[in-house]
Amino acid sequence: MSDLRELPKAYDASSVEDAIYAAWEASGAFNPDQLPDRNQKGEPYCIMMPPPNRTGTLHMGHAQRMTTQDLMIRFERMRGKKTLWIPGTDHAAIATQVKVEQLLIKEGYKDPRKDLGREAFLERVVDFADKSRNTIVAQARKMGSSCDWTRERYTFDAERNLAVNTIFEMMFEDGLIERGFRVVNWDPQFQTTLSDDEVESKDVTARLLTFKYDKNFPIAISSTRPETKFGDTAVAVHPDDKRYSKLIGQTFEPEFCGKKLSIKIIADEAVDPAFGTGALGVTPAHSMIDAEIASRHGLPTVQVIDQQARMMADCGPEFEGLTTVEARAKIEQFLSDNDLLVSAEEVQQALPVAQRGGAIVEQLPSKQWFVRVNKPFKLRQKTLGNKYKKGDEVTLKELMLVAVESNQIKLIPERFDKIYFHWINNLRDWCISRQIWFGHQIPVWYKDDEAKCSVESPGEGWERDPDTLDTWFSSGSWTFSALGWPDKKEWKAHRDYHPTAVLETGRDILFFWVARMILMSTYAIGEIPFKNVYLSGLVMDEQGRKMSKSLGNVLDPLELIPKYGTDAVRLSLLLGMTPGQDGKLSETKIEAFRNFTNKLWNISRFILLQLEDEKQKASKTRTLADDWILSRLADVNASITDKLEKFQFSAAGEELRDFTWSDLADWYLEIAKVEGGKADILKSLLNGILRMWHPFMPFVTEHVWKVMGAEGHLMVAEWPEYVNDSMGRAVEFEKLRLFVTDIRRLRAEQGVEAAKKISFGFVADEEMEGLVGDNLEWIKRLTNTSAIEVMNDMPDNWVVATSGASTIGFDKAEGVDMEAEREKMEKELEQLEAYIKSTEAKLSNAEFSSKAPEQVVRNMSDKLEEAKEKVKVIKSRL
RNA sequence: GGACGUUUAGCUCAGUUGGUUAGAGCGUUCGAUUCACAUUCGAAAGGUCGCAGGUUCGAAUCCUGCAACGUCCACCA
C-alpha cells in the first residue's frame with residue numbers, strides 16, 4: 001500500500017483513467033476466454049454493441065449506449081457469467097457516402113461522384129470510414145467500455161460480407177428476394193432508392209388545386225401536385241357515390257395541358273367521397289397508393305417525372321426538363337387561363353423528405369430488388385421454439401410477429417410491443433437495392449435476360465448488378481454474423497453466446513434495426529437474436545430539445561470527460577434516465593455526479609486512513625450502529641441486485657448513492673469516529689461498496705481497489721451477497737436517528753447561543769431510555785451538544801420539542817424563544833388531533849378491519865398510539 | 001386521422017402488483033466549519049399528485065371522459 005497520507009484530497013480522474021483502462025485490457029478480462037475459472041464455468045452472457053456509424057465521432061447517445069451496456073456486462077461478469085461484449089462499427093452505406101460527399105463538396109468538388117469516378121470516390125469514402133473507426137474506438141475506450149477488442153467487427157468486413165451474401169442467396173432461393181418494376185421512394189439528390197423508413201415528412205403549406213383535365217371532362221379532381229397528372233390513367237370514385245355512378249366504366253381522352261390522356265372512370269373503396277370533389281386522379285407511376293389502386297384495376301403505368309425530378313419528354317416540349325416546382329406553377333397558370341381551375345386553396349401538407357440529406361423524395365417506378373415480407377415460404381429449420389417446424393409455410397412478417405408475441409423476446413419497456421406490432425402489420429415489401437456505391441454489392445449477375453445469384457462470376461459475359469444493399473440488410477444479421485456465422489468453425493466457437501442476452505439501443509431505431517434483426521435471425525438461423533431489448537430514451541438538452549449543432553446545445557462526451565471524469569459522465573447517463581423515456585442532461589447534473597465521485601473517493605480515503613488508526617484497530621463488540629449499517633448493507637445489496645436484474649438501472653444507482661452518501665458517510669462514519677474499534681467492519685463496508693459501485697463507476701472504484709492493495713482487478717472480483725442477521729436492531733437504530741434529527745432541529749431553530757444553554761432530554765418508554773443511554777456518546781457528537789440527559793420522567797420546567805416522531809424535551813433555558821415554541825406546539829397538537837380522529841374512524845370501520853391486510857392495520861394502530869402519547873405529553877406542557 | 005407517452009415541490013424526476021401522515025436531488029432560506037471531503041455538514045420552507053367523474057373500506061396508483069405538451073405512424077389525392 002502506498003503512503004495513504006499522500007493521497008490527493010480531491011479525486012483526479014484524468015490522471016488515472018487511461019492507465020486503468022490499459023491495465024484492464026492487458027489483463028485479458030475483456031475477453032471471455034481469458035476470464036477467471038469461475039467465469040469459465042458460468043453461463044455465457046453476450047451483448048452485441050450496436051455498431052456506431054462510421055460517420056464521424058460519438059455523441060451523448062452513443063455514450064449512453066456504451067455506459068448502459070458496460071454496466072450490464074460488468075455486473076454479470078462480477079456475478080460469474082462468461083461475458084462477451086462484441087464491439088464494432090457500421091459502414092452505414094448511405095449515411096457515410098452522404099457525409100463524404102458533403103465534405104468533398106466543401107473541398108471544392110462540384111459533383112464528387114462524377115469528378116472522381118467510382119474507384120477514386122470509394123477510396124475517399126473508405127479512408128474516411130477508417131479514420132472514423134479509429135475515433136470511435138478511442139472514444140469507446142474513454143468511456144471505459146469493457147468490450148472484447150480482439151473480436152471487433154465491421155459490418156463491411158469480409159466475414160460480414162459473406163454473411164450478407166449467404167442470406168441473400170438463401171432468400172433468393174426461397175423466392176423471398178425478387179426483382180420488380182415498382183413505385184419506390186427516390187432520392188433525386190443522391191440518385192438512389194430509399195426504404196419507407198428512410199423517408200421522413202416535413203410540414204409545408206401547399207396549394208390544393210381543384211380543376212378539370214379539359215373542358216369536356218365530366219369530373220373535377222383535386223391535387224397539390226398537378227404536374228403528376230400527366231401520368232394519370234384513371235379517375236377513381238367511391239362505388240356508392242351516386243354523383244358519378246353513371247360514368248363508371250367509361251373511358252375519356254382529355255387533353256391535359258397539351259398532352260392527350262386516356263382516363264378510365266373506376267370505382268374503388270379507397271376513395272373518400274367526402275374529400276374534395278370525391279374523385280381521385282389516379283397516377284400509378286408516382287404514388288404508392290395509386291399504384292395499389294392501379295394494380296387492382298389493371299391500369300397502365302405512365303411515368304412522367306424522371307430520376308432528376310424533372311418532367312419527361314412525354315409531357316410535351318413546353319414542360320420537358322422543367323423541375324416539378326416549375327411545372328406546377330406553369331400548369332396552374334394554364335388551368336387558370338383556360339378556365340379549367342375550379343378553386344385553389346392553401347393547405348397543410350406533409351412533404352416526404354430524405355432522412356439523409358433532406359431532399360424531396362419522389363415516388364416513381366423503378367426496377368429494384370425487394371424482400372417480400374408477405375410471401376409464404378418453407379422454413380429451412382425449426383424456428384422459435386416449437387412454434388414452427390422445418391418445412392412449415394410462413395411469411396417473414398409472421399416470424400417477426402411471433403417472436404415478440406410469444407414473449408420469447410421481451411421489449412423494455414413493454415409498451416413498445418404495440419408500436420412494434422403496428423409497424424409490422426403495416427409493413428410493405430422492403431426495397432433493398434440502393435444506387436449507392438459504398439456498401440455490399442448485390443450478388444446477382446446478368447447475361448441477356450438471365451439473372452443468377454452468386455458471389456463469384458458465373459462465367460464469361462456475365463455482368464454483376466452495380467447496386468448495393470440497404471445498410472440495414474447487413475446490420476440485420478449483426479447478432480449472429482458478428483459471432484462468426486456462416487463460417488462453421490467460428491460459429492461453432494461462439495454458438496453458446498446466441499441468442500444474445502440483451503440488445504440495448506435507442507428507441508428511435510426500433511423499426512430500422514431491431515425489427516430487421518428479428519427478421520434476419522429467425523429466418524437465417526431459426527433463432528431469436530436476443531432475449532431482451534432495452535430501449536433507451538434519447539438524451540436531450542436541459543430544455544428537453546434534441547441536441548443539434550445548429551441549436552448549439554450539444555454536449556460532447558469527449559469534452560466533458562477531461563473536465564468531470566468518465567465516472568461522473570457515466571452516472572449522469574444512468575441515473576435519472578428511464579427506459580423508453582427521453583432524458584434531460586445538463587452540465588449541472590454531471591457536476592453533481594463529479595461531486596459524488598469525489599465523495600466516494602474521500603469515503604475510501606477516510607476508511608483507509610482509519611484502518612491504520614490504533615483506535616479502530618482496538619477490538620470491540622458490535623454496537624447498535626454496527627448492526628444497523630451491516631443490516632442496511634445487506635438490504636441495499638439485495639435490493640440493487642434485484643433492480644439490476646430487472647433493468648432498473650437508475651433506481652439501483654440512486655438507492656446505492658443514498659446508502660453510500662447518507663447512511664454510510666453522514667451517519668456511520670461519524671459514529672465510527674466516536675465509537676472506534678471498527679477496522680474490520682469499515683474494511684468490509686468499503687469492500688462492499690466498491691464492488692457494488694464498480695459497474696456504475698469502474699474507474700474510481702478500480703483505482704481505490706489498487707490503492708488499498710487488494711488482489712487482482714476489481715473488475716473480475718465477485719459481486720457481493722450478504723445475509724441480513726440484524727434486522728431488528730436496524731429498526732431500533734431508526735428511532736435514534738429520529739431522536740438525533742429532532743435535537744438538530746431545535747439547535748438550528750433556537751440558534752447556537754440559546755442552544756448552548758439548553759439541556760436536551762427525552763420522554764418516552766424504557767426502551768428508548770436504554771437505547772439513548774447506550775449510544776449517548778455518538779449522539780452527543782452528531783448533535784453537537786454535550787447537554788443530553790437521559791430520563792423518562794421529564795422535569796416540570798421543561799418543554800416538549802414538537803416535530804419528528806420522537807418526543808423529546810428540553811429545559812426553558814435563557815434565550816429560548818418560548819412564544820415560538822408554544823405556537824409550534826399548538827399547531828402540532830391540532831394536526832395530531834385531526835390525524836387521530838381520521839385514523840380512529842378508519843380503524844373502527846368494520847369493512848376496513850376485515851379487508852385491510854393485517855400489517856397495515858397494525859402499523860396504523862401503532863402510529864395512532866404514538867400520536868396519542870404525544871398529545872398527552874404536549875398537553876401537559878402547554 | 002390513428003397510436004403511444006408525459007402531466008407529482010420553483011426546476012429535474014422517483015413512487016414495483018391500490019395500504020402508515022407522498023419521496024429524492026438541484027435550487028432557495030437559515031446555520032455549522034481547523035479533526036476524510038467547502039466537490040463538505042445540519043436544519044427549514046415548499047405539493048388539494050393536470051381537470052372532472054367512477055370503482056373501492058382505502059386511489060398519485062385502477063376505469064371513463066376532458067385538457068395541455070411531446071413522440072411515432074398514416075397521410076385527403
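Here the structure is a predicted model, which is why all the values come from computation and not from measurement. Side chains are part of it too, since the values below use all heavy atoms of this structure and drop only hydrogens, waters and symmetry mates. Letters A, B, ... mirror the listed sequences (proteins, then strands); counts begin at 1.
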Between [N] atom [atom2] and [X] atom [atom1], what is the distance in whole Å?
| X | N | atom1 | atom2 | result |
| --- | --- | --- | --- | --- |
| A:Leu510 | B:U71 | CG | P | 18 Å |
| A:Asn602 | B:U39 | CG | P | 11 Å |
| A:Leu609 | B:C37 | CG | P | 10 Å |
| A:Ile424 | B:A3 | CD1 | P | 19 Å |
| A:Leu560 | B:U39 | CG | P | 19 Å |
| A:Glu655 | B:A24 | CD | P | 14 Å |
| A:Glu654 | B:A14 | CD | C1' | 6 Å |
| A:Arg747 | B:C41 | CZ | C1' | 13 Å |

Pick base, sugar-phosphate or nothing for [X], based on heavy-atom distances below 4.0 Å to the nucleic acid.
| X | result |
| --- | --- |
| A:Arg545 | nothing |
| A:Arg858 | nothing |
| A:Ser849 | nothing |
| A:Lys584 | sugar-phosphate |
| A:Ala852 | base |
| A:Arg225 | nothing |
| A:Ser650 | nothing |
| A:Lys646 | nothing |
| A:Asp666 | sugar-phosphate |
| A:Arg594 | base |
| A:Trp661 | sugar-phosphate |
| A:Thr578 | sugar-phosphate |
| A:Gln855 | nothing |
| A:Ala665 | base |

Can you confirm whether [X] is buried at [atom1], in the sense that more than 12 heavy atoms of other residues, nucleotides or ligands lie under 6.0 Å from that atom?
| X | atom1 | answer |
| --- | --- | --- |
| A:Gln348 | CD | yes |
| A:Lys615 | NZ | yes |
| A:Lys264 | NZ | no |

For [N] versus [M], give the span between their [atom1] atoms, rounded off to a whole number of Å.
| N | M | atom1 | answer |
| --- | --- | --- | --- |
| B:G58 | B:G46 | P | 30 Å |
| B:C76 | B:C51 | P | 40 Å |
| B:U6 | B:A14 | C1' | 15 Å |
| B:A59 | B:U20 | C1' | 15 Å |
| B:U12 | B:U8 | P | 8 Å |
| B:G10 | B:U29 | C1' | 13 Å |
| B:C66 | B:G47 | C1' | 23 Å |
| B:G19 | B:C75 | C1' | 48 Å |

Quiz item: Any side-chain N or O of A:Lys418 less than 4.0 Å from the OP1 or OP2 oxygen of B:A3?
Solution: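 No, because none of the side-chain N or O atoms of A:Lys418 sits under 4.0 Å from OP1 or OP2 of B:A3.
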Give the nucleotide from the list [options] with an atom nearest to the side chain of [X].
| X | options | result |
| --- | --- | --- |
| A:Arg507 | B:U71, B:U16, B:C75 | B:U71 |
| A:Lys851 | B:G5, B:U56, B:C76 | B:U56 |
| A:Lys599 | B:U40, B:G19, B:C73 | B:U40 |
| A:Arg744 | B:G42, B:A77, B:U20 | B:G42 |
| A:Lys229 | B:A43, B:G5, B:A77 | B:A77 |
| A:Phe606 | B:A36, B:U56, B:A77 | B:A36 |
| A:Gln648 | B:U6, B:U16, B:U21 | B:U16 |
| A:Asn598 | B:U39, B:C4, B:C35 | B:U39 |
| A:Asn845 | B:C57, B:C35, B:C76 | B:C57 |
| A:Phe511 | B:A77, B:C73, B:U21 | B:C73 |

Quiz item: Going by atom types alone, do A:His422 and A:Asn426 pair a side-chain donor with an acceptor below 3.5 Å?
Solution: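 Their side chains do contain a donor-acceptor pair, which is all the 3.5 Å distance test asks for.
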Practice problem: Start with the C-alpha gap between A:Gln616 and A:Gln610, add the side-chain angles, then the distance that decides, and say whether side chain to side chain donor-acceptor pair (under 3.5 Å) holds. | Solution: CA-CA 6 Å; A:Gln616 298 299 352; A:Gln610 290 294 303; 2.8 Å; yes
Quiz item: Quick one: are A:Leu411 and A:Tyr534 in side-chain contact, heavy atoms under 4.5 Å?
Solution: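 Counting from C-beta outward, A:Leu411 and A:Tyr534 never come under 4.5 Å.
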Quiz prompt | Test: A:Glu675 and A:Lys678 ion pair at under 4.0 Å | solution =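 The answer is yes: the pair qualifies as a salt bridge.
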Quiz item: Is A:Arg858 salt-bridged to A:Asp862, going by a charged N under 4.0 Å from an acidic O?
Solution: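 Salt bridge between A:Arg858 and A:Asp862, a charged N being under 4.0 Å from a carboxylate O: no.
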Quiz prompt | A:Tyr11: which of A:Phe596, A:Trp601, A:Tyr564 passes ring pair (Phe, Tyr, Trp, His ring centres under 6.0 Å) | solution =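 Result: among A:Phe596, A:Trp601, A:Tyr564, A:Trp601 is the only option passing the ring pair (Phe, Tyr, Trp, His ring centres under 6.0 Å) with A:Tyr11.
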Searching all strands shown, indicate the nucleotide that pairs with [N] (Watson-Crick or G-U wobble; both distances under 3.5 Å).
| N | result |
| --- | --- |
| B:G1 | B:C73 |
| B:A52 | B:U64 |
| B:A59 | none |
| B:G23 | B:C13 |
| B:U28 | B:A44 |

Quiz prompt | Donor-acceptor under 3.5 Å (A:Ser650 side chain, A:Gly576 main chain) | solution =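 Checking the backbone N and O of A:Gly576 against the side chain of A:Ser650, a donor-acceptor pair under 3.5 Å is found.
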Self-check item: 5'-most by nearest nucleotide on RNA chain B - A:Thr588 or A:Asn595
Solution: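 Of the two residues, A:Thr588 wins.
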